[in-house]
Structure formats: C-alpha cells, structure tokens
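Written out below as structure tokens is the structure these notes cover.
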Amino acid sequence: MEYNFREIEKNWKKVWKDTDIYKVTNDTSKPKFYILDMFPYPSGAGLHVGHPLGYIASDIYARFKRMKGFNVLHPMGYDAFGLPAEQYALETGQHPTVTTEKNIARYREQLDNIGFCYDWSREVRTSDAKYYKWTQWIFLQLFHSWYDRTANKARPISELIGIFEQEGNLNNPCPADDELQFDADNWNIYTEQGRRDILMQYRIAYLSYAEVWWCEALGTVLANDEVVNGVSERGGHPVEKKRMRQWFLRITEYAERLISSLDTLDWSDAMKEMQRNWIGKSNGAEVTFHLDNSKEDITVFTTRPDTIFGVDFLVVAPEHEILNAITTPEQKAEVEKYQQYVKSRSERERMSEVKQVSGAFTGTYAIHPLSKKPIPVWTAEYVLAGYGTGAIMAVPSGDDRDHAFAKHFSIPITNIFGELYNGEEAYSAKDGKIENSDFLSGLTIKEATLKAIDALVASGAGRGKVNYRLRDAGFSRQRYWGEPFPIVYIGDVPYAIDEDAVQGIDKNTPVELPMVENYKPGPEGQGPLANVTNWVNTKAGHRETNTMPGYAGSSWYFLRYMDPHNDNEFASKEATSYWREVDLYIGGTEHAVGHLLYSRMWTKALYDLGHISFDEPFKKLVNQGMIQGSSRFAYRVHGTNKYVSHGLRKEYKVDDLRVDVAMVDGLELDTEAFKNWRPEYADAEFILEDGKYICGAEVEKMSKSKYNVVNPDDIVTQYGADTFRMYEMFLGPIDVSKPWDTKGIEGVHRFLKKLWRLYFDESGLIVTDEPATEAELKILHKTIKKIGDDIERFSFNTSVSQFMICVNELSTLNCHKREVLEKLAVIICPFAPHMAEELWSKLGKSGSVITADFPAYEDKYVTENTKKYPVAVNGKTRAEMEFALDAEPADVEKEVLADPTIIKWMEGKDKKKFIYVKGKMINVVV
RNA sequence: GCGGGUGUGGUGAAAUUGGUAGACACGCUAGACUUAGGAUCUAGUGCUGCGAGGCUUGGGGGUUCGAGUCCCUCCACCCGCACCA
C-alpha cells in the first residue's frame, strides 16, 4: 500500500470538519492552556511559506498540550484593517470590505490546507463591526479615565472631578503640564469648556497635537514608510511636517509598570531588553536656564548633571515653541531658514546622520545657573522636540555630538575632565574624576552627580528627575479603513458619544464605518471620512473624522477569542477569568516594541478599571525567525539575448537577472519555461555547462518583486501537508531566520514514506502482535522522551531529527510490532496529524488520535549504565574507553593509564593531573 | 546613529550545564535492484596529507586541563526605530 498522502489528507480534513474535533469549550474540569499566534494581516498576495512557520510550531504545541490533558484554546483571526487595502481601493475603486473578504477567504483556504487545529468558531476580524464595537468601547474606557500616580493605576475620570471639586489638582499634578495649578475654588468657577480642557490633559485617551508627514501634491498625510528620501514614495512629491490635532494614549504614565512587570514574564532577554530600551528610563536632572535679555526660561533634561560646569552652549530643538520668542532680530532669518530645512528631515535621518553637523545660532545667551556665565543658545536638528524637554545643555568635553557641534561652529570648549579629555575626542566614559568645576572638582562622576543635583535644588535652578524616552502613542490616522472614533465635537469640544451632553444620536458603540465610493483624502489633510458630510454632521455635533491605527484592534484581540460572540461585553468575566493571559504567544520580533507594548498597556488599563483580573497579556513569548527567499539568477551576456550558465559567466560581460524560482529545479533552469516566461525571452539562447543551465543563487527577503516567493499550496499539492509541516520545522531553530530551499523537502518526504513502510507493504498492514525487543523499546522510549522534551523547549527541528533516527533504527531492526508502532503513531500526531490519524485508524483504533494520551516514557529504557568515554591526553582526544557510570575514579584512572594508546600519547612523560568528569570525558594532563 | 539578533562543511543545521565539533537531512560520488527512475537500498563525503598525523565553528586576542559555548576586540549580514502590519 502506497503512502497516498493526497487521499489521506483530504479524508481527514473532512472528518475533522464534520466532527468539529477542534472545537473548544469554556467549561471543563481540565486545566486550561491558551496558545496564540500573532494574527495576520490578510494581504492580497496570500500566504507564502514563511508565514506558517510560527503557526505550525504553535499547532504542534497545541496538539501536544491537548494530548497531555489540557483544555487548549488555539484560535485564529485577522488583523483586517490596514493601509494596503485602502491603497488598493484608491487604485482600483474596489471597496476594502470586498477585497478584505476575498483575501480572508484565500488565507483561510491556505491555512486549512496545512491542517491546523484552530477552533474556527472563535475567529475574529478587527474590521467586523461586532468586533470593533468593543475596540471603540475600550477607547471610551480610556477616554473616561485618568492615571492616579499615587494609587499607581487608572481610575474613572468622574472620581478625578470629585477630587478637583474638593481640593483642586494640588495632589494630582497634570501629566501634560506640570505648571498647571488650581484649587477647588478655581475649579468651581471654570467654564464647562475650561474644565473639559483640563480634564483632557489628564485623560488616558486624549486629544493633543503632533506632527505628521504632509504631502501637498497628493493632498494627504503619509506614513513614515510612504516617505522615501524626503519625498513621497508615490510620485516623488515633496513632503513636509505638519502639525495636526491628534488622539493619543497616555502610555507614558504606564512606563514604570511596563518596565517593572517585565520581570514576571517568560520572554527572551533580548525581547525584554528591547522593551526596556524603548521605554528608555533614565535618571538625571532638569535644569532651568534663565535668559539674558528675556523673561523666558529654557529647561533642559540631562543625564549628566555632574557635567554642569562643562556647559558651553544650549541647544533647542528646531520645532521648540520658544524659538520664536528668543531669537534675536539679527538671527531671525537664519533660524527660520534652518527650521524650514529641518521640516523636510525625518527623525531617522536626524538621528543617524550624526557626522553631518548643522544648526543655527539664536543670538541669545542664557545664564549658567551656578557659574552665572553667559551661555550661547543654538538650535540644531540633533535635539528632538519629543524627547525630554526638547532642549539640552551641551557639554562638548563629555559628549560626542556636542563635541562635533562645538568643533564645527568653533565654540570654545571647557575641559572638565583634565587629562582624560584630549581635545580631539569627547570623554564620554563614566569613570574618572571631574575637574575645573568649582565645588565638584575632584569628585567622582557618581559623587558629583548627587552633589550637583543638591546644588541645583538649593539654587532653585533644578531638580533630580526620571525621564522616559517612551512617548505617548499617537492614536489618530487620517485614513478610511480603520475604526471610527466614538467621538463628536460640540463646537470645538470633543465629547464621547456616551456622555450626557451628546443628544439626538445613537449613544452606543459601534459607530459604524460608513460605506463610501471614493477614498480620497478630505480637506486640509483630514481623512476620507471628512468627505462623508451626512455621516460627519449629526444632530449632536460633528463626528471625529480620524480613524484608529492598526494597533487598536490588535491590542486586545486575545481577549475576544475567549468569548467571541458576546454582544453584551467584550468578553464575559467567566471567560476571561477562566482563560486569563495567553500562556504561549508566538510571533515575530518585528513586533517587539509596537504591538507587544500597546497590548501590555491596554491589559493593564483594563485591569486597573476592574474589567479583567490579570495585568499582563502574554505570559510566555516565543519569537519565530523569518523564512527568507532564495533567489535564482540567470546571466545574460551584455547586449545580447544569450544566457550563460553560472560556472561560465566569468568569461563574459554579463547582466544578472532574477528568474522565477518556479522555473528552476534546484539550480537547474528549465530553459523552455524561461523562453515562455516573457515574450522578450522567447528566442533566448543558452550557453550550457554539462548540458545544463545552472543558475546563481542568493538569499534575500521573500517577495514578489524578487520572483522568489514559494506558495505553501504548491508544496502541499506536491508533497502533502504533513511533509510541509515537518519540513518547515526541520529547517532549523524556530527563532532564527533561514532561507527556504524546496529541494531539501525530499528528505522529509522520504522519511514519512519510510515511516509508512513500518506499517504497510504492497499488500497492506504488516503490523504484528509479537512482543517488542529490548532494542526496539529502547529506541521508542528514547524517542518519546526526546520528542516531549524538545516540544517543551520549542526545539522542533531536533524532534524531526529524532523521528528520523527512530524510524531509521526501527527499519534496520525490521520492526513491525504493534507495541512500538501504536505509540509511534501517537507521538507523531502533533507533527504529521493526517498521517497519524490514518495510522491510528488502520491500527483498528476508534476516535481521533488527538484524543489519545501522549505516552509516557519508561526510565529503564532511557537510562544507560555505561558510557563510552573520550579519553584525551593534554586535551586532545586519543582513545575511547567504556566504563560503568558508577565506576570508581581510582579504577578508571588505573585502567586509562594502562591503556597502550594512552601510554603511547603520553610519550613517557609523567602524569600531572587526571581529570575524570563522570558521564562526560577523561583527560590526562602530562 | 541607536537598540536587538545571527555568523559552524558545498547547503539547512546538531552539540540542552565549559567536556568526542559536524547528529539528522539536502547535495555530491560510487554501486545494487529495476523495462524505466525524479522509486528503493548499500557505501563514502569538513579541509589537508601517500601515511602517521595536522588543521577546523566570521577575524584577532584572552581565561581554562579543556572553548562553538565564557571574557575583550574587530568584521559581515538581518530585524526594529514610534503613521506598514
């Protein structure tokens, strides 16, 4: 009987579907286990072989956990809002609803093809009104909340109003403006609008201003990656930054908790480190510099208050509001010209092109708070408006960028490090002593830092401060294809639709996204929704026309899977307190700081407000690497239509051309297919080597434009889903990137056929009831142990190897015994579920193999009692000798030193040391 | 530029705690079986050397009886950098 994977897989997929075998219930006595994949954006290109890597890993883990007795939640859905669908709509006029629906259907088909055990009854789509109803609802919770720094949690804003009525903001300084102070009397005489303005500065979801890329020619706001080299990607039009009113989430209030609770998570150190660095906590000081001829002050943040006497100039960010007020008339033209230049520069460019020094002098001098010396004030792009206070004190002798700036503009440099500073390069190390610094001279950096802060506090010029690099999260997009905000403006004042002041419209979410015919941007950089006037203008006021960003829906989707059809709540308390956080989350590192940080914040906010009983979303995180493409190249002899094979290309002047990997078998090009590929290749001629045309190969990102995309459907058709699943795992460790090579899949396919032949020959089932031998049981139980261990540590590639070793050995032993093969069919189920089902049923078992228990291994077959030791002389292995594991060290030494090979290598020298590491190795040092 | 990751045969990789480097596969070579082979099986395959042996985990240096693994330093490539998702 042949291994007919097409029939087998088709049949079992149908059985699974008909019996709802993967449906998960919320009530059970079994312990729960929640395994989640990062859900995909359903792009028009469909899945390529790189996408399912993580899904296969989680599927193996989910099946394994289920067989180990857990109630496993393993759902899948779609992150269905996004820019590409909208862009496609702009180009083709097809509504994103239509294309998204189509893309999802294609994704589903591709996913089903691979045989996953998802409970599809729980599917979520972020673009579904039934889903985004709750995204909007959560936004309202954030809008109606503020962050209480004393209690260190989010609280309802109604409670803050109560506090203001009692005591003003005395004990609750404003997170957006620490100058803002008012008492209860003030509060009570403020107007409605005045109070709402203040509350807005406390809300966790709040309205403020930010700069966006604005393209005049396209009449639209562009995303960062739509701006390439300072011009729009589409059309190459000039772009500049424009200040716009935007929604934000006050994630900065969560900075400390987002750092500290990382310790409770089972994530890789690298991932935690990236989050820590992104949040960027730094201890330092805020220092205020008075200006010479102005009432204005400049406050800077510094992590090095110890260098305060080394300040030679101040630098203010070019966007800083204060610039207009402080620039002298003589310098005005220069500063404005500079600001104009910076408008065209991306933050990335400003940070990365450090060697390109630029700036402008404001003409103004500040007064050093301690030395009282005049300090020139400059503006320069290396200072970013969004970080710290948007201004720095520059210490050229201690900071590289300050140093380069001072050198470039010939600003005199004060040396506060004595001999440590050589005049050529800043001394930025953190050890050594401060000199030339008044009362700080002679102190270490640590001592000086504390003393400097004390002095600043005493003089009223500064204070110690903790600063975070993290910025509040921009939550507005000037786009159509996203969640509308449940916000209306009465006059210019924003109200949530569920507030009392809002009258005459439906006060419930969802605020549905209106259908539109065109997706062109609205006036003045507004999103397309601004054009839908009958939607925008309501009896209550005009609606917010921005939509929410991509991460809105993905910040809480893991909660919805727990109770996906609930129309009364985002998820019931029963469901969330049963499933709780995700036990295992699998996805790519590219989400290290975006999605994962936002999800964590939303979870904490929902926890604070009492909606869920846990405050971290993802207990364990496993990152999957990327599968890269392997591009194939043909070599056209320059100026001709002749193509020379890879090995001979050096003899000609050639142009490298990428060819579609589908036309290449390994490295050999199908020249006929190539001729038919494009009309211009129809009469191509080939210069062959050994009768073949051999292509060049290069590893690159898998992408359509590089003709190196491999569709999993094609692989499944040719080799079957089980082979595909095992091959993806066999490629290498789950967390590293590796190139796809279709050729290598045959080894895995051969393995499955060989496995099959343990159970069947040409005539049919050949499994016998004979008792298994010691050797057969040994390899079986070793394999059971290794597979279990490997799955637990996500080492799926070595699992596949172990299966191969096992099957190779059983084949050699000619083993066809039920006692062995029944268990083997069970343990292969997580990897090759279709084949496992077929073997299980052919062995006469009833029910799905997924309901079987994962077998336990027996110690007696796994533990060895002797070991073949490598015996080394001076660290070089010279012999192999077998000893009992419990052998006496003295006996071992005696026997080793008597061994002729060892004696030979000791070359008559005396033994200096004898190293015997039990179970590992032996080394004789002479 | 900053942050994070990766580097081992011709290729994908293994080596779980500092202890026999290259398991398991792909590819390649030779052979068997076969009407046929893109089926199956057997043997070989890091480099170098006739051989004993020597060399070998991106480069250089160090710690150790012993380093792919730890430390220092340099290089290359990949991911992220806040409006792609």
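Naming convention: chains lettered A, B, ... in sequence-line order (proteins, then strands); numbering from 1 in each chain.
Contact annotation for W905(A): backbone-only contact, meaning every heavy-atom pair under 4.0 Å involves sugar-phosphate atoms and none involves a base. Using a 4.0 Å heavy-atom distance criterion, N923(A) is classed as a base contact. Among the protein residues, R750(A) comes within range of the sugar-phosphate backbone only, with heavy atoms under 4.0 Å from sugar or phosphate atoms but none that close to a base.
Checked against rA82(B), rC79(B), rA25(B), the side chain of R469(A) finds its nearest nucleotide in rA82(B). The listed nucleotides are rC83(B), rA14(B), rU16(B); the one nearest the side chain of Q478(A) is rC83(B). Considering only the side chain of K920(A), rG19(B) comes nearest among rG19(B), rG38(B), rA15(B). The side chain of N808(A) lies closest to rC24(B), out of rC79(B), rG27(B), rC24(B). Comparing rA82(B), rG54(B), rG53(B) by their closest approach to the side chain of K876(A) singles out rG54(B). Listed candidates were rA85(B), rU40(B), rG19(B). Nearest to the side chain of K753(A) is rU40(B). Nearest to the side-chain atoms of L731(A) among the listed nucleotides rC83(B), rG12(B), rC24(B) stands rG12(B). Side-chain proximity of A223(A) to the nucleotides rA82(B), rG4(B), rC83(B) is greatest for rC83(B). Taking only side-chain atoms of D741(A), from C-beta outward, the nucleotide of rA85(B), rC26(B), rA82(B) with the closest atom is rC26(B).
Under the Watson-Crick and G-U wobble criteria, each requiring two contacts below 3.5 Å, nucleotide rA82(B) is left unpaired. rC70(B) and rG62(B) make up a base pair, with Watson-Crick or G-U wobble contacts both under 3.5 Å. In this structure, rA76(B) forms a base pair with rU6(B), meeting either the Watson-Crick or the G-U wobble geometry with both donor-acceptor distances under 3.5 Å. Pairing for rU42(B) goes to rA30(B), judged as Watson-Crick or G-U wobble with the two contacts each under 3.5 Å. Here rU16(B) sits opposite no nucleotide as a Watson-Crick or G-U wobble pair (both hydrogen-bonding atom distances under 3.5 Å).
Nearest-nucleotide positions on RNA chain B place M271(A) closer to the 5' end than the other of G732(A) and M271(A). Between Y598(A) and M274(A), the one whose closest nucleotide on RNA chain B sits nearer the 5' end is M274(A).
In summary, of the residues considered (W481(A), F81(A), Y88(A)), a side-chain contact (heavy atoms from CB on, under 4.5 Å) with T100(A) occurs for W481(A) alone. Considering F730(A), F831(A), F796(A) as possible partners of F803(A), the one that fulfils the ring-ring contact (aromatic ring centres under 6.0 Å, His included) test is F831(A).
Between the side chain of K786(A) and the base of rU16(B) there is at least one donor-acceptor pair of N/O atoms closer than 3.5 Å. Within 3.5 Å, a donor on the side chain of Q246(A) pairs with an acceptor on the base of rC83(B), or the reverse.
In this entry the distance linking CD of Q628(A) with C1' of rA13(B) reads 14 Å, nearest Å. Rounded to an integer number of Å, the gap from R600(A) CZ to rA82(B) C1' is 17 Å. N623(A) has its CG atom 11 Å from the C1' atom of rG4(B), to the nearest Å.
Judged by the 6.0 Å and 45° rule, K753(A) forms no cation-pi pair with Y3(A). Cation-pi geometry between K241(A) and W214(A) is not satisfied (NZ or CZ under 6.0 Å from the ring centre, within 45° of the ring normal).
Using a cutoff of 4.0 Å between basic side-chain nitrogens and carboxylate oxygens, R345(A) and E381(A) are scored as salt-bridged.
As rounded to the nearest Å, rC47(B) and rG37(B) have P atoms that lie 29 Å from one another. Spacing of C1' atoms, rU69(B) relative to rG22(B), comes out at 15 Å, to the nearest Å. Spacing of C1' atoms, rA67(B) relative to rU56(B), comes out at 14 Å, to the nearest Å.
For an aromatic pair to be called close, the ring centres must be under 6.0 Å apart, and Y480(A) with Y519(A) satisfies this.
The main-chain N or O of A592(A) is found under 3.5 Å from a side-chain atom of Q275(A) such that the two form a donor-acceptor pair.
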